[in-house]
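So that the names make sense, note that chain A is the first sequence line, chain B the second, and so on, each numbered from 1.
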Amino acid sequence: LPAGGRIGAVVKGNPRSRTRHPRTETETAFLNIPYDAEFESLYLAFIAGVSGFGLIPRATIELPGSKRRLDRILGLIRKSHYSFHDLSRVQLDRRPPSTPRFNMPFELGLAVAHFSAQRWFVFEARPYRLNKSLSDLDGTDPYIHGGTVRGVLRCLANALSRSKKPPRIRQLEAIYRDLRTAARKIKSDIRGGTLFETGPFRELVVIAKISAKKNVAPPKQVRFRSGNRS
Amino acid sequence: LTFERLFGKLALMRAKTIITTPYPTVEEVASELGVSMKRVRELELMMEKIWERKKKVRSKTGGSKVKAVKRKTSQ
């Protein structure tokens, strides 16, 4: 705690007698993104960007358990405060029988039903493709990241802001670089496993937070000088 | 800018969602995700090592990777 008193207490010596508000609960963000090796860098970019804005990323890959998968997904969406959906994987799956993956549009539908506007965000790699692939969303402009890390971070910076000291894109990029280096180490530790698993995902989120603490300085506590004003 | 162009640009701009909650601490993130504090300390140590190594590389190369590549090729 900063010098000056308890949380929520009136700070002594403050000429305007401001009260410090207690910390509210942390906000989480549901990530609905493809889990494949080709998408790995963008997966890291989403974790880095969302963590840089002070949200805690959550994803369906961290949901082991015996409960029905749909119930677990619904539970996660209900717990989250925001949701981010990347619909850039629209091509057919290579493995026979070749089908498109419907999981992400389905989870987007669940989130749209649950969240109010400005709480869910749609991302795409190519402009105008969503108008064809999901025309029900006509009138909702997706954020076009172009399939690049910088694009994802730029889109997140366009979608979100913070009331105090919003992170800059170069700070988000610094978090991403740290995360990428750490991801290599984690990959070598798990020997043959992927980053799209429960343990690695959770550790990546913690690492992103550690990096954000260093790269994105949280707003400093205001200290008031004691003494009278003339 | 003509009025129509300006209006078109403004129409394309979307309002940002502003996050007002404070940044969570590393401990809060870890407890939310169920990562043990022992593992958090290990990860913090790993990051310290990574930053230290990066700092060393930067101090050797004078601050940029480009210079390091140039030096290598010139030798």
A:Arg168 atom CZ, neighbour heavy-atom count above 12 within 6.0 Å: no
query: Considering only heavy atoms, which portion of B:Ile50 lies under 4.5 Å from any heavy atom of chain A: side chain, backbone, both, or neither?
result: side chain
message: For the interface with chain B, which of A:Pro142, A:Gly199, A:Pro166 has the highest count of heavy-atom pairs at distances below 4.5 Å?
response: A:Pro142
query: Between B:Glu28 and A:Thr26, does any side-chain donor sit less than 3.5 Å from a side-chain acceptor?
result: no
Can you see which heavy atom on [X] is nearest to which on [Y], and at what distance?
X        : Y        : result
B:Met47  : A:Ile207 : SD-CG2, 3.5 Å
A:Lys165 : B:Tyr23  : O-OH, 3.7 Å
B:Pro24  : A:Gly54  : CD-O, 3.1 Å
A:Ser163 : B:Thr20  : OG-CA, 3.6 Å
B:Met46  : A:Ala182 : CE-CB, 3.6 Å

Tell me, do [X] and [Y] make a side-chain contact under 4.5 Å, heavy atoms counted?
X        : Y        : answer
B:Thr17  : A:Ser161 : no
A:Arg177 : B:Lys54  : yes
A:Val205 : B:Glu32  : no

field: Flag, side chain of B:Arg39 to backbone of A:Glu203, donor-acceptor distance under 3.5 Å
entry: no
- prompt: So, does A:Arg202 use its side chain to make a donor-acceptor pair with the main chain of B:Leu33 at under 3.5 Å?
  reply: yes
message: Pair B:Ile19, A:His81 - check side-chain contact (heavy atoms from CB on, under 4.5 Å), show working.
response: CA-CA 11 Å; B:Ile19 298 158; A:His81 299 83; over 6 Å; no
- request: Please test B:Val26 against A:Lys213 for side-chain contact (heavy atoms from CB on, under 4.5 Å), starting from the C-alpha separation and ending with a verdict.
  value: CA-CA 8 Å; B:Val26 177; A:Lys213 192 178 155 188; 3.9 Å; yes
field: Partner residues of A:Asp189 under the side chain to side chain contact (heavy atoms under 4.5 Å, CB included) criterion, sequence neighbours left out
entry: A:Lys185
query: What part of A:Thr28 lies closer than 4.5 angstrom to a heavy atom of chain B: side chain, backbone, both or neither?
result: side chain
message: Please classify the contact of A:Leu160 with chain B as side chain, backbone, both or neither, using a heavy-atom distance under 4.5 Å.
response: both
task: With rounding to the nearest 0.5 Å, note down the distance linking CH2 in B:Trp51 to OG1 in A:Thr181.
output: 11.0 Å
